[in-house]
Every structure is written in structure tokens, then in C-alpha cells.
Amino acid sequence: MPFYIQFLDFAAQTSLDEDEIYSVFDVVENYWARRIICGYPANVMSKTFAIIHSDILRIMREHQRRGVELTSTYSELLKFVLLRKQGNAVFPTDTQVENEFHTRQIYKIPIDYRYFLFERMENENSKEANDLIVQKMKDNQITIEHIMPQTLTLKWKEDLGENWEEIYNTYLHTFANLTLTGYNSSYGNHTFQEKKEGYVDHKGKQIFGFKDSAFRLSNYLKTCDKWTLEELTEREKILLNKFFDLWPMATTNYTPLENEADIVSFNDDELELTGRYISAFSYKGQRYQVYNWKQMLEKVCKLIYAEYPIQMNSLAVSDYWLHLTDSEDRSRITDNCYVYSSCSTKTKCTVLNYIFSQLEINPSDLEFELIPKSEKLIEDSEDIAAV
């Protein structure tokens, strides 16, 4: 709310057009949806949004001070600022969303988050959107249905196959196994065929199935004859693509002012990076824009891998800073090659020093562009070790 108050006041004072106002709303929604899926804590948002508008105004003032025309819109600057966020305030990437989408326990997240996600995933951007979905969910007229039920009958276990327990534990509360319905209390643990085709209950009442559902989220279910791991994984892909259509990864056309950054060589004996923010790096004369130190480490490793794939795979086998397998504290370079990245800026440089040393790469081939301490756009107090 503090951000929206500041932004809408600014929009009124500067006569910002309606399309740009909605573009700003879209960026915030995108940021929020991705963070929900990735399970990032909400308590950091108060501070994050309290300073975003002032960060954007600071960029605008700097352009005025230097007499350099600012061609990027407010929404582009907003994306620029958010993409630079680090630690618990990070803007989740497609890879992070994809990794979390598989196991995110949607049914267990706060109820308002569920209303938001299901309304948007159901309505998408359709001109025929049902504006009453959230209200009907609150009134219990529309409910979330577990396709594979929360209590498995013997028939369900047989249909799921010998790995039924693993499938149940993995997918029960994920998007892949959830849809919207007006018959939740009736469906219970009926078989998939009954839920799809419909049936007559013990009172003689006709219960309509998924094949008659008006909900878009049930469209794929109409094509299925069974509900097993194969169908769950296919629906997961469909819904993940729907998610990315609604909330594509943000990019920005804003480039920081020239000479804004301090350029330092990786070969500098007095290199001190703790507490500093990176805006770009150059490797063998080619410049790459990044938003944090973790992105820098990932990108540099990918560039090195492209040059020395055999040597990098060999280092992964050694299981020191590079590894053959993935884990929460590692970033993917390529299949069977992951780099330890959940660490401080200093440790990230240690990782690179190790790789450069092992592959006999000249450290002077790498340079960092750092935001001057006096002009930092982001004043996060979060531990730099988190990025």
C-alpha cells in the first residue's frame, strides 16, 4: 500500500497514461506471483516496497542532474530496480519457478494467495473472465478439488500403480492435481472415471463430471481416461506454461548511465567486494549485464564451460566447488555440472579463483562494474551472503 499510494500520487501529478499505470500493476503482480510459487517470505516485502518509488525517483534525478534524456518508462525502471533485488527480496527466474512449481503445496498456502492464483489461472486474460470466482470461493460455492483425493481408496491405489504412495506424497496438493468445481463435497474419493463422467449419488441426484465443467482449469481432464503419473506430469507442464504466459520473466530496456559503475579487475590484489553491488561484468572483452553476484557467478561459469567443457566436467567430478548433481545451494551450469552459489560474495570469488587457477585462465580477463557506494540504488540490509 505505501508503494501504491506513492506511485498513484506520482501518476496523477505527472499525468501518467492509463496503459503505463496498468503496466506497473502488471510488474508488481508478476513479482508477487513468482514469489508465492517459490515460497519466498512475505515479511521482506514491507521494506522492499517502501523504498522502490524513491529508488526510481533517484534514477530520474540522476538523469536530470547529468542532463541525459531518460527514455525508459516508470514500469521499465521498476523492473530494473526489482531485478537487482537480492537475498529474500529476489525476483524469481524461470528456472526457480519451474523447480518450485513441481512440488509447491498450493493447497497449504495462505487462502488469499490461493484465491489470487486460482482466479488468475482460471480466467487468464480472457475477455469472458468470470469476475465472481473469488467471491464464490469465499462463499464456498466454488471450491478447490483434489483430482486424486486426499483419502485414497484401494481402487485409487490400484489405478495409480505400484508407486502410488510416492505419487500421492509428491502431487496431492500441487497445481497438477487441483482444479475448481462446484461439486467438491460430492466428488469425495470417487474414482477418476466417476469424477470425469459424472454419476448419480445415493439420493438419486445427478452429479456432473469434469467433462461438463465450465472451468478452463478442467479442460485437460476432459481428454483423460485415467489419472496416473503420466497425466499429472502432463498437466503440470500445461499449467506451468499457463503460469509463464500470465507472468513471463521480466526484462528491462533501462541501462544505467555510463560511468556510473566503478570498474575493478578480478586480478586486483586489493579487491574488496563485500557490501558492493554489481551491475555488469566483462569477460575477455565482452560485457554482460547482471543484477546480482549470483547471476555473475552463473554466467561466468557458463562462459567458461562453453570454452572448456571437458575440464569443467572434470572439476565437477572432483566434487569441490563444482558438482555433478543439483541441490538447493547450487546453480545449474549445464547437465551434470553445478556450481556452489549460495554463499557470500567473497566465497563466490573464491570459487572463481579456484576455477581460473585449475583451468589456467588469466584473472585479468574478468572485470566487474560496481555501483558506487555513494550512489547505491538499493539499500537492503539483508545479509549479502544470501545472494
For Y107 and H173, take the angle between the two ring planes, folded into 0 to 90°, and tell me which bin it lands in: parallel under 30, tilted 30 to 60, perpendicular over 60. parallel
Working to the nearest 0.5 Å, report the span between CG of L303 and CG of D365. 11.5 Å
Could you tell me whether a side-chain N or O of S318 sits under 3.5 Å from a main-chain N or O of L315, the two making a donor and an acceptor? yes
Among side-chain atoms of T228 and E231, is any donor-acceptor pair under 3.5 angstrom? yes
Carboxylate-amine/guanidinium proximity below 4.0 Å for E62 and R65: yes
Side chains of T95 and T93: is there a donor and an acceptor less than 3.5 Å apart? no
If only side-chain N and O atoms count, and only distance matters, is there a donor-acceptor pair under 3.5 Å linking T151 with N189? no
Using the benzene-type ring in the case of Trp, are the ring centres of F356 and F266 under 6.0 Å apart? yes
Please determine if R287 and E369 form a salt bridge, counting it only when a charged side-chain N lies under 4.0 Å from a carboxylate O. yes
Classify the ring geometry of F7 against Y74: parallel below 30°, tilted from 30° to 60°, perpendicular beyond 60°. tilted
Are the side chain of R332 and the backbone of D326 linked by a donor-acceptor contact shorter than 3.5 Å? no
Without hydrogens or angle criteria, can the side chains of S331 and E298 be said to hold a donor-acceptor pair below 3.5 Å? yes
Output the distance between atom CD (Q64) and atom CD (E69), rounded to the nearest 0.5 Å. 12.0 Å
K222 NZ: over 12 foreign heavy atoms closer than 6.0 Å: yes
Is the number of heavy atoms from other residues, nucleotides or ligands within 6.0 Å of CD (E162) greater than 12? no
Any chance you could lay out the salt bridge (Lys or Arg N to Asp or Glu O under 4.0 Å) test for K284 and E307, step after step, and finish with the verdict? CA-CA 12 Å; K284 295 190 174 180; E307 294 180 282; 2.7 Å; yes
With V290, the side chain to side chain contact (heavy atoms under 4.5 Å, CB included) member among V300, I278, L297, L83: I278
Under 3.5 Å, is there a donor-acceptor pair between the T325 and R330 side chains? yes
Does the T170 side chain pair with the main chain of I167, one donor and one acceptor, at a distance under 3.5 Å? no
For the pair D55 and R58, find out whether any cationic side-chain nitrogen is under 4.0 Å from an anionic carboxylate oxygen. yes
Taking N169 for its side chain and E165 for its backbone only, find out whether a donor-acceptor pair lies under 3.5 Å. yes
Can you tell if the side chain of N163 reaches within under 4.5 Å of the side chain of L229, non-hydrogen atoms only? no
Test side-chain contact (heavy atoms from CB on, under 4.5 Å) applied to I51 and F3, step by step: CA-CA 8 Å; I51 63 174; F3 168 72; over 6 Å; no
Is the distance between the ring centroids of F281 and Y288 under 6.0 Å? yes
If we ignore hydrogens and angles and just use 3.5 Å, is the side chain of S357 paired with the main-chain N or O of N353 as donor and acceptor? no
Any ion pair linking K195 and E145 (charged N to carboxylate O, less than 4.0 Å)? yes
Stepwise side-chain hydrogen bond (donor to acceptor under 3.5 Å, both in side chains) check, Q135 with D139: CA-CA 6 Å; Q135 188 57 53; D139 294 341; 3.2 Å; yes
R104 to F175, cation-pi by 6.0 Å centre distance and 45° axis angle: no
Establish, yes or no, whether the cationic atom of R35 lies under 6.0 Å from the six-membered ring centre of Y31 and within 45° of the ring axis. yes
Yes or no on side-chain hydrogen bond (donor to acceptor under 3.5 Å, both in side chains) for Y277 and N292, after CA distance, side-chain angles and deciding distance? CA-CA 7 Å; Y277 293 84; N292 54 52; over 6 Å; no
Side chains of T350 and T347, donor plus acceptor under 3.5 Å: no
Would you check, one step at a time, whether the test side-chain contact (heavy atoms from CB on, under 4.5 Å) holds for N313 with V317? CA-CA 6 Å; N313 283 330; V317 171; 5.7 Å; no
Under the 3.5 angstrom rule, does the side chain of E119 hit a backbone N or O of I133 as a donor-acceptor pair? no
Measuring from C38:SG to N99:CG, what's the distance to the nearest 0.5 Å? 8.5 Å
Examine the side chains of S23 and S75 and answer whether a donor and an acceptor come within less than 3.5 Å of each other. no
Checking salt bridge (Lys or Arg N to Asp or Glu O under 4.0 Å) for the pair E76/K79: CA distance, chi angles, key distance, verdict? CA-CA 5 Å; E76 291 296 327; K79 287 186 285 186; 3.0 Å; yes
Side-chain donor-acceptor pair under 3.5 Å between T274 and T345, yes or no? no
Determine whether the aromatic ring centres of residues W227 and Y168 are separated by less than 6.0 angstrom. no
Exceeds 12 heavy-atom contacts within 6.0 angstrom, atom CD of E124: yes
If you round to the nearest 0.5 Å, how far is CG of L221 from OG of S213? 8.0 Å
Y320, OH atom: more than 12 neighbouring heavy atoms under 6.0 Å: no
With the 4.5 Å side-chain cut-off for hydrophobic clustering, are L246 and F25 part of the same group? yes
Any link between L154 and M148 through a network of hydrophobic side chains (Ile, Leu, Val, Met, Phe, Trp, Tyr) touching at under 4.5 Å? no
Applying a strict under-4.5 Å side-chain criterion to I, L, V, M, F, W and Y, I'd like to know whether F101 and F116 cluster together. yes
side-chain contact (heavy atoms from CB on, under 4.5 Å), that's the test. Do R235 and T179 meet it? Break it down for me. CA-CA 11 Å; R235 187 164 184 261; T179 190; 3.7 Å; yes
Quick check on the 6.0 Å ring-centre criterion: do H190 and Y199 meet it? yes
Test side-chain contact (heavy atoms from CB on, under 4.5 Å) applied to M60 and L70, step by step: CA-CA 7 Å; M60 294 179 174; L70 178 61; 3.8 Å; yes
Point-to-point distance, once rounded to the nearest 0.5 Å, from CG of L16 to CD1 of I21: 5.5 Å
For Y254 together with H63, are the ring centres under 6.0 Å from each other? yes
d(I304 CD1, Q358 CD) to nearest 0.5 Å is 12.0 Å
Does the pair K196/D225 count as a salt bridge with the N-to-O cut at 4.0 Å? yes
Is there a side-chain hydrogen bond (donor to acceptor under 3.5 Å, both in side chains) between T191 and E194 once you walk through the steps? CA-CA 5 Å; T191 66; E194 290 173 324; 3.3 Å; yes
Does Y40 share a hydrophobic cluster with I36, counting links as ILVMFWY side-chain heavy atoms below 4.5 Å and allowing steps through other members? no
Side chains of L239 and M121 in contact at under 4.5 Å (non-hydrogen atoms): yes
Are V90 and V28 connected in a single hydrophobic cluster, I mean Ile/Leu/Val/Met/Phe/Trp/Tyr linked by side-chain heavy atoms less than 4.5 Å apart? no
